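What you are looking at is a predicted structure, and each value in this text was computed from that prediction instead of being measured. Note: hydrogens, waters and symmetry copies are ignored here, and every other heavy atom, side chains too, is used.
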Amino acid sequence: MSCSLALACLTAPASQALAQGARSTLDVRAQPLGSALEELSRQSGTDILFRSDNVAGKRSVEVSGTMSVRQALDRLLKGTGLTYGIGASGAIVVKPEPARTVDIAEGLYGGEIVVTGVAAKTSKFKTSYAVSTLDQAQVVKSAPQSTADLIGKIPGFYAEASGGESNNNISARGLPGTDGTRFLALQEDGMLLFQDPNEIYLNGDSLLRLDIMTERVEAVRFGSAPIFTSNAPAGVINYITRKGGEEAKGALRVTVEDRGQKRLDGFASGPLGGDWYYAAGGFIRVSDGYRNPGYTTDKGGQFRVNLTRRFASGELTAYAKYIDETNAFYLPIPLKDPRDGSSLAGLVDPLRGTMLSNANRSYVLPTFTGSQGQSFQRDLADGRHARAFMTGLDFDIDLGGGWSVSNKLRYLRATIDLDTLFSTTGLSDYRTYAANKLQAARGAFGAGVSELRYVLADARAADGGRVAWDPSGSRGLVTEQSYRYVPMKGTSVIDDFRLSKDVFGFGPGRHTLTAGLSYSRATLRHQRLLQDSLHEVGQDRRRLDLLALDAAGTVLGSVTDNGFLRYGSYYIGGRAESDRYAVYIADAWQVSEALSIDLGFRNEWYDQTGVRWLTETRNLGDPTTMADDAVQGNSGRTAIYRDKADNQAWTIGANYEFSRRFAVFSRFTKSFRSRNVWATVTDSANPDDEITGAELGVKYNSPTFSLFATGFYSDFNRLSISGPTVNPLTGTNESSTYWGKLKVYGIESEAVWRPVEAFELSGSVTVQRPRQRDLQEGRYGNLGEIYDGKLPSRVPEVIGRVTPTVFFDLGPVPMTFYGTVAHTGRRYVDALNSTKLPAYTVLDLGITARIGDFDLQGTVTNLTNEIGITEGNPRVDALTGQGTNVVGFGRPIFGRTFRLVGTWNF
């Protein structure tokens, strides 16, 4: 201790003062922390010792009122990185919290502080729920191919990251994963991006992209997430961005891939003067995509700036972000010939192939609004185009006397256009397909139609005649596809206000009481225009026309028009606005040094109005084709619907530390998932979701081994499955939704073992047992016991990852070499569990080097070109499968990809 230690006249031993909790009237104003500690020492008559370099640059909050020395120190040192204890002399010694050094000393948890799913910052080891954290270095090491891909590497989550950069599906702890992020909230800096975290075609990963401005990621499973966030029954993934500090720094990162990606990330941060700080950065990129349609699929970028003002009692941050990104949206591809089960890899490569192609990228969509005819010209290369501007203001202030207040305000304006091809029917033999269309062609063009003949839709011979299609190039297979154009716009304003108070003397220990008020308003405009087309099967495949000929070979008409079977095969459109209000309260009770208990309650109301643009079906009047005979469009008439409801969530959890190395926690939660904004336009009468969850976990942390293991249970009452049904009155096939229940039991764990400084073994495993029951359709009753006890579609029972890492020096260069083996267990495409999605195992490798200010990384993902199928053809097979034991039409994961990353830190 230096001679700058604060010393006070000793009226009572410090250890006795802390133990007895003697209270005195204190008045310590906000000032440099060292001066505040000296003032507390004088006023309390207690020895307080500290090093001047430990408190340099730190300021205190105001501490006033009647309280004990312990209570005063808790307030003064909160958030400073300092703690206190009793020294050998009996004086109170203020010292740094245990430092984060290297992994061997801190294990999986160390001194990590969590800000997600809690009322106030807390140590990861003290949370009463399962939480995983990834810093920027860990994110880069995992080499994620998308936002969803990163989430899928976290325990408890299974991500179908095969759809591309955005709009992927995520399952949390066995809950259904076929509806985007239905049960999971994606946040940026503790706030939702749009009012509903899974709004139709506007879900979180459409607006949230990883880049070098992402400082760390926190993932909370269940826990208290539904108390502090709207519609987050299964948890929150929070992307926390960089803020500026006293040190000016930055980085430039270049990424290249063998798939054609070229990307530049960059950021800079530092002080601006006058207690202002900045951090700004983002990325730009261009890529041919993870599959090969023949055109550039992914391009654009995002930019974000954070401006922060820090003062003695808190900080204020203003920010803005702009994103303009175009990405391909990949759909299932044919894998097996339905006639004999043979592989179709020679036609469509399952690792790099896609049904998107240059040969059919241009589309014309005839439609109407009221009496006005319209025509849209679209390009598949536009893909999923997201443009969004977001801005907001956050502040946190310590008011003194144990009071603190925070507020987060965010505004978002987003436009998303989607152009892609959806798979609809399966594959057909071209002769069988034509035979099935013959009767309809005779109805349209007369009984003189004797045959249907295939020609290429866009090709013409030198004399202007039609060019016959050669079926041998596609093994005689044809398929229907649905081109989908989805223009939509949304705006959202969200405000979340919290007031907290530290309370002592109300029972043992300390309570941190938090009351919050949240309000959000959203608007949405959305249309979906579909038209069905006929295609050959193969890479760079073409659209086909099916001509109706008489016995003399004269063309009487065409089943199709430029390859389109049905213009306007589906239309829906409308606009909506939504207001949501929520109040919540929480109590974080530190009962003793070892025991903490937290409770929370949330009540949320919503009031939504939707205007549906009513659909009408018209014949556009071209007698030469059947394609325009039944075009759906906007009739010009509207219907107005309104939804009003409220939901409640509550939770209670506890954490007990048997030692600094070992702790247990438990939790029970009742939560909800309410309807999104679009549900009001569709006039959905479905009730809101209710989910009950419980968990029991253990945490162990030592210098060489760390473990986080959680047993969990959830009960979900609104399992939904789309599929065909037969009307018992008419005998006709109809599309319907079946509703049921789901129970899930499981265990998830993550661990790190580092027996020596040169080697580390980390990994995670989730074993879960989701089982559905009581599936029934509202009009025609229960499906029967044959569906009970089955896995919900596309949800695995086992997910596991293991990553060995070797640390070594190559001369003066520190290096790491690592590999990851990731296993996904069997799943099924359908609720009946009749068509299997086989288990698959993927091997990734990586190597890093640090040369001065430069970081270099090389990775290869899916080294062995494993063909893992994530889904079947959900437009038609979600209920009863594909009629085969193993999937024959599905969406595979991406094939082997090499990536090089170079980062210059300055």
Side-chain angles (χ1 to χ4, degrees), residues 100 103 106-118 121-144 147-159 161 170-175 181 183-188 190 204-205 208 210 214-225 228-229 232 234-240 653 655 663 665 667 693 695-701 705-712 746-754 760-768 799-803 805 820 822:
R100 296 196 61 184
D103 289 348
E106 64 187 32
L108 187 61
Y109 314 108
E112 293 181 8
I113 302 299
V114 176
V115 299
T116 304
V118 292
K121 297 178 181 179
T122 188
S123 163
K124 182 176 178 179
F125 196 65
K126 292 182 177 294
T127 59
S128 54
Y129 52 82
V131 58
S132 297
T133 55
L134 297 169
D135 60 23
Q136 172 69 202
Q138 291 169 311
V139 170
V140 174
K141 179 181 177 181
S142 67
T147 297
D149 187 36
L150 178 67
I151 296 172
K153 300 175 189 296
I154 298 172
F157 297 112
Y158 169 64
I170 299 171
S171 170
R173 286 186 173 176
L175 292 174
T181 56
F183 306 104
L184 190 66
L186 270 60
Q187 294 183 335
E188 189 169 73
D205 69 341
L208 189 61
L210 284 164
T214 305
E215 182 178 78
R216 68 186 190 277
V217 178
E218 296 181 356
V220 172
R221 274 93 70 191
F222 284 75
S224 55
F228 297 101
T229 306
V236 173
I237 310 291
N238 187 14
Y239 287 67
I240 299 168
N655 185 78
F665 68 92
R667 178 171 295 276
E695 50 194 317
L696 178 65
V698 297
K699 292 173 280 189
Y700 180 78
N701 188 44
F705 179 71
S706 298
L707 171 71
F708 206 142
T710 308
F712 58 87
I747 298 175
E748 66 186 23
S749 62
E750 60 179 327
V752 173
W753 179 48
R754 194 162 182 180
E760 177 183 281
L761 184 67
S762 62
S764 64
V765 63
T766 301
V767 180
Q768 55 196 15
I799 318 163
R801 302 173 58 82
V802 61
T803 301
T805 302
T820 297

Under 3.5 Å, is there a donor-acceptor pair linking the side chains of Asn238 and Thr116? yes

If you measure only the distance, is there a donor-acceptor pair under 3.5 Å linking the side chains of Thr229 and Gln187? yes

Give the intermediate values and the outcome of side chain to side chain contact (heavy atoms under 4.5 Å, CB included) for residues Leu696 and Thr710. CA-CA 6 Å; Leu696 178 65; Thr710 308; over 6 Å; no

Against Leu184, only a single residue in Val236, Ile170, Val220 fulfils side chain to side chain contact (heavy atoms under 4.5 Å, CB included); can you say which? Ile170

From Lys699 atom NZ to Ser706 atom OG, the distance as rounded to the nearest 0.5 Å: 12.0 Å

By ring-ring contact (aromatic ring centres under 6.0 Å, His included), Phe228 pairs with (sequence neighbours left out) Tyr584

For the atom pair CG (Leu707) and CG (Asn701), what is the distance rounded to the nearest 0.5 Å? 10.0 Å

Does Val765 have any side chain to side chain contact (heavy atoms under 4.5 Å, CB included) partners at least two apart in sequence or in another chain, and if so, which? Ser749, Val767

Answer whether the closest heavy-atom distance between the side chains of Ser142 and Leu134 falls below 4.5 Å. no

Do the ring centers of Phe708 and Phe125 come within less than 6.0 Å of each other? no

Of all the heavy-atom pairs spanning Ala225 and Ala232, show the shortest one and how long it is. CB-O, 3.9 Å

Over all heavy atoms of both residues, which pair between Arg801 and Ala822 is shortest? Give the atoms and the distance, please. NH1-CB, 3.5 Å

Would you say the side chains of Glu750 and Ser132 form a donor-acceptor pair under 3.5 Å? yes

Sequence-distant partners of Val802, side chain to side chain contact (heavy atoms under 4.5 Å, CB included), two or more places apart: Leu761, Val821

Side-chain contact, heavy-atom cut-off 4.5 Å: Glu760 with Val752? yes

Closest heavy-atom pair and its distance - Pro144, Lys153: CA-CE, 4.2 Å

Output yes when a side-chain donor or acceptor of Ser171 lies under 3.5 Å from a complementary backbone atom of Leu175, and no otherwise. yes

If you take all heavy atoms of Ala234 and Ala172, which pair is closest and at what distance? CB-CB, 3.7 Å

Do Thr803 and Lys141 get their side chains close enough for a donor-acceptor pair, meaning under 3.5 Å? no

I'd like to know if the side chain of Thr127 and the backbone of Tyr129 have a donor-acceptor N/O pair within less than 3.5 Å. yes

Please determine whether a side-chain nitrogen of the Lys or Arg among Arg173 and Glu695 lies less than 4.0 Å from a carboxylate oxygen of the Asp or Glu. yes

Full working for side chain to side chain contact (heavy atoms under 4.5 Å, CB included) between Phe712 and Gln768: CA-CA 9 Å; Phe712 58 87; Gln768 55 196 15; 4.0 Å; yes

Side chain Gln136, main chain Thr214, donor-acceptor under 3.5 Å: yes

Looking at Ile240, I'd like to know if its CD1 atom is crowded, meaning that more than 12 non-hydrogen atoms belonging to other residues, nucleotides or ligands lie closer than 6.0 Å. yes

With distance as the sole test, does Thr766 use its side chain to make a donor-acceptor pair with the main-chain N or O of Gly156 at under 3.5 Å? yes

Checking side-chain polar atoms at under 3.5 Å, does Ser128 have a donor or acceptor matched by the opposite partner on Arg667? yes

Over all heavy atoms of both residues, which pair between Gly204 and Leu186 is shortest? Give the atoms and the distance, please. C-CD2, 3.9 Å

Checking Arg221 against Phe157 for the side chain to side chain contact (heavy atoms under 4.5 Å, CB included) test, could you report, in this order, the C-alpha distance in whole Å, the side-chain angles of both residues, the deciding distance, and whether it holds? CA-CA 9 Å; Arg221 274 93 70 191; Phe157 297 112; 3.5 Å; yes

Using the rule given for side chain to side chain contact (heavy atoms under 4.5 Å, CB included), can you reason through Val217 versus Ile151, listing the C-alpha separation, both sets of side-chain angles and the distance that settles it, and then say yes or no? CA-CA 10 Å; Val217 178; Ile151 296 172; over 6 Å; no

